[in-house]
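For reference, the structure is listed below as structure tokens.
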Amino acid sequence: MREGLLPMEVANAWQAVRNNVLGTLLVAAHAQRHGAERFVLISTDKAVNPTNVMGATKRLAEMACEALHSSGKGSTQIEMVRFGNVLGSTGSVIPKFAEQIARGGPVTVTHPEINRYFMSIPEAAQLVLQAAAMGNGGEVFVLDMGEPVKIVDLARNMIRLSGYTEDEIRIEFSGLRPGEKLYEELLADAEETRETPHPKLRIARSRPVPETFLDELTQWLSQPGPVSDDEVRAGLKRWVPEYEPAKH
């Protein structure tokens with residue numbers, strides 16, 4: 001339901017790679033070079049079995065961080081935290097629905113069966129800090145997001161709590177956007193998790209990153225643009241084999 005999904009997916013895929021992968025790699029490498037104690041990448045549930053450019057680039061950013069930590073350069077502990085939607089954050093569906101209701105509708109939902117995990121800003125921030133404090137470096141932390149919420153039910157509740165009926169404020173289904181899933185996942189099929197001392201945090205066991213990964217990735221990222229969306233998707237598929245690009 002985030003507004004940023006479609007701009008990354010169509011016509012800007014290479015910019016998404018440069019922002020999410022190259023940007024993360026450069027900042028993490030600088031943190032490592034300057035002796036920062038910890039570096040935490042905020043990742044997303046869209047990185048699990050990704051079907052869109054955003055998810056695939058975030059998974060690739062996770063892999064880059066894992067590789068940097070494993071490189072043995074410096075003492076920085078590099079960790080990743082993966083979670084879903086944060087209520088009230090930039091691009092969150094809640095402010096969008098509130099704005100649509102204030103205009104008299106309609107409230108737009110992509111699909112009647114679409115659902116998402118949600119967490120409040122304070123809870124998300126506290127869990128990120130908890131993960132950073134307990135990590136030893138190289139872990140992908142997965143937050144317990146509770147039960148997923150149907151977006152159409154969220155829209156209905158917001159309409160009702162705003163003092164309207166669905167006859168007064170209509171809900172319209174706009175259709176899934178390119179690369180958008182009905183259901184988000186928090187763990188990839190091949191991953192296992194283990195418990196941590198915190199009941200809402202688990203650690204994912206992702207596949208090892210090859211020793212040659214960073215050199216090959218850096219070479220791929222250094223190619224001059226523009227790079228077509230199809231070329232980007234092919235490259236992402238090479239790096240992230242579980243990525244299944246949606247047809248456009």
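These figures come from a predicted structure and were not determined experimentally.
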Exercise for the section: Determine whether Trp239 and Glu216 make a side-chain contact, defined as any pair of heavy atoms from C-beta on separated by less than 4.5 Å. Expected result: yes
Exercise for the section: Give, for atom CZ of Phe83 and atom CG of Leu127, the distance between the pair rounded to the nearest 0.5 Å. Expected result: 8.5 Å
Completion exercise
Here the pair of heavy atoms bringing Ile171 nearest to Ala155 is CD1-CB, 4.1 Å
Exercise for the section: Can you measure from CG (Leu25) to CG (Leu217) and round to the nearest 0.5 angstrom? Expected result: 6.0 Å
Practice task
Flag the pair Lys200 and Glu195 as a salt bridge only when some basic side-chain nitrogen lies within less than 4.0 angstrom of an acidic carboxylate oxygen.
Solution key: no
Practice task
Enter the distance from Thr110:OG1 to Ile151:CD1 here, rounded to the nearest 0.5 Å.
Solution key: 7.5 Å
Practice task
Check whether any side-chain N or O of Arg194 sits under 3.5 Å from a backbone N or O of Ile203 as a donor-acceptor pair, and report yes or no.
Solution key: no
Handout entry: ILVMFWY cluster, Val27 and Leu22 together (side-chain gap under 4.5 Å)
Key = yes
Practice task
For the pair His34 and His30, evaluate side-chain contact (heavy atoms from CB on, under 4.5 Å) and give the outcome as yes or no after the intermediate values.
Solution key: CA-CA 6 Å; His34 291 284; His30 276 290; 4.1 Å; yes
Exercise for the section: Please check if Ile78 and Leu26 belong to a single hydrophobic cluster, counting links between Ile, Leu, Val, Met, Phe, Trp and Tyr side chain heavy atoms closer than 4.5 Å. Expected result: yes
Handout entry: Expected output: side-chain Gln32 to main-chain Lys73 donor-acceptor under 3.5 Å
Key = yes
Exercise for the section: For Phe118 and Val86, run side-chain contact (heavy atoms from CB on, under 4.5 Å): C-alpha distance rounded to whole Å, both residues' side-chain angles, the deciding distance at 0.1 Å, then the answer. Expected result: CA-CA 6 Å; Phe118 287 97; Val86 177; over 6 Å; no
Exercise for the section: Verify the neighbour count for atom CD of Gln223: are there more than 12 heavy atoms of other residues, nucleotides or ligands below 6.0 Å? Expected result: yes
Handout entry: Closest heavy-atom pair and its distance - Phe39, Ala31
Key = CD1-CB, 3.9 Å
Practice task
Might you work through the salt bridge (Lys or Arg N to Asp or Glu O under 4.0 Å) test for Glu147 and Arg116, ending with a clear yes or no?
Solution key: CA-CA 9 Å; Glu147 294 298 319; Arg116 291 291 182 266; over 6 Å; no
Practice task
Report the C-alpha distance between Leu214 and Val209 in whole Å, list the side-chain angles of each, state the deciding distance to 0.1 Å, and finish with yes or no for side-chain contact (heavy atoms from CB on, under 4.5 Å).
Solution key: CA-CA 9 Å; Leu214 272 183; Val209 179; over 6 Å; no
Problem - Donor-acceptor contact present, side-chain Asn12 to main-chain Gln15, <3.5 Å - result: no
Practice task
Examine the side chains of Arg82 and Ser43 and answer whether a donor and an acceptor come within less than 3.5 Å of each other.
Solution key: no
Exercise for the section: Determine, using the 4.5 Å side-chain heavy-atom cutoff (strictly less than), whether Val109 and Leu176 are members of one ILVMFWY cluster. Expected result: yes
Problem - Backbone of Leu68 reached by a side-chain donor or acceptor of Ser71 within 3.5 Å - result: yes
Practice task
Return the minimal non-hydrogen interatomic distance between Cys65 and Ala28, and the atom names on each side.
Solution key: SG-CB, 4.5 Å
Handout entry: Donor-acceptor side-chain pairing of Ser228 and Glu231 below 3.5 angstrom
Key = yes
Fill in the blank from the handout: Note: Met134 and Leu201 closest approach over all heavy atoms is CE-CD1, 3.9 Å
Handout entry: Interatomic spacing from OG1 in Thr24 to CE in Met80 - rounded to 0.5 Å
Key = 11.0 Å
Practice task
Take Val128 and Val40 through the side-chain contact (heavy atoms from CB on, under 4.5 Å) test and state the conclusion after the steps.
Solution key: CA-CA 8 Å; Val128 168; Val40 181; 4.2 Å; yes
Handout entry: Lys237, NZ atom: more than 12 neighbouring heavy atoms under 6.0 Å
Key = yes
Exercise for the section: Check whether any side-chain heavy atom of Val53 lies under 4.5 Å from a side-chain heavy atom of Trp14, and answer yes or no. Expected result: no
Exercise for the section: State whether Lys96 and Glu99 are salt-bridged, where the test is any N-O pair (Lys NZ or Arg NE/NH1/NH2 against Asp/Glu carboxylate O) under 4.0 Å. Expected result: no
Exercise for the section: Can you measure from CG (Asn85) to CG (Asn115) and round to the nearest 0.5 angstrom? Expected result: 10.5 Å
Handout entry: Backbone N/O of Gly137 and side chain of Glu139: donor-acceptor pair under 3.5 Å
Key = yes
Problem - Check: Lys181 main-chain N/O paired with Glu184 side-chain donor or acceptor under 3.5 Å - result: no
Exercise for the section: Not counting sequence neighbours, which residues clear salt bridge (charged side-chain N to carboxylate O under 4.0 Å, His left out) with Glu168? List them please. Expected result: none
Completion exercise
All heavy atoms of Thr165 vs all of Ile159, minimum pair found to be O-CG2, 3.8 Å
Handout entry: Close side-chain approach of Gln100 to Thr108, heavy-atom, < 4.5 Å
Key = yes
Handout entry: Thr76 vs Arg38 side-chain heavy atoms within contact, under 4.5 Å
Key = no
Practice task
Answer yes or no: is there a side-chain heavy-atom contact under 4.5 Å between Phe213 and Leu60?
Solution key: yes
Exercise for the section: Flag the pair Glu123 / Leu143 as yes when at least one side-chain heavy-atom distance between them is below 4.5 Å, and no otherwise. Expected result: no
Handout entry: Student check: side-chain heavy atoms of Met158 and Ile101 closer than 4.5 Å
Key = yes
Exercise for the section: For residues Glu9 and Glu180, determine if any side-chain heavy atom of one lies less than 4.5 Å from a side-chain heavy atom of the other. Expected result: no
Handout entry: Thr44 side chain vs Lys46 backbone, donor-acceptor pair below 3.5 Å
Key = yes
Problem - Taking every non-hydrogen atom, the tightest pair across Tyr117 and Asp45 - result: CD1-OD2, 4.2 Å
Problem - CG on Asp215 to CD on Gln219, rounded to 0.5 Å - result: 8.5 Å
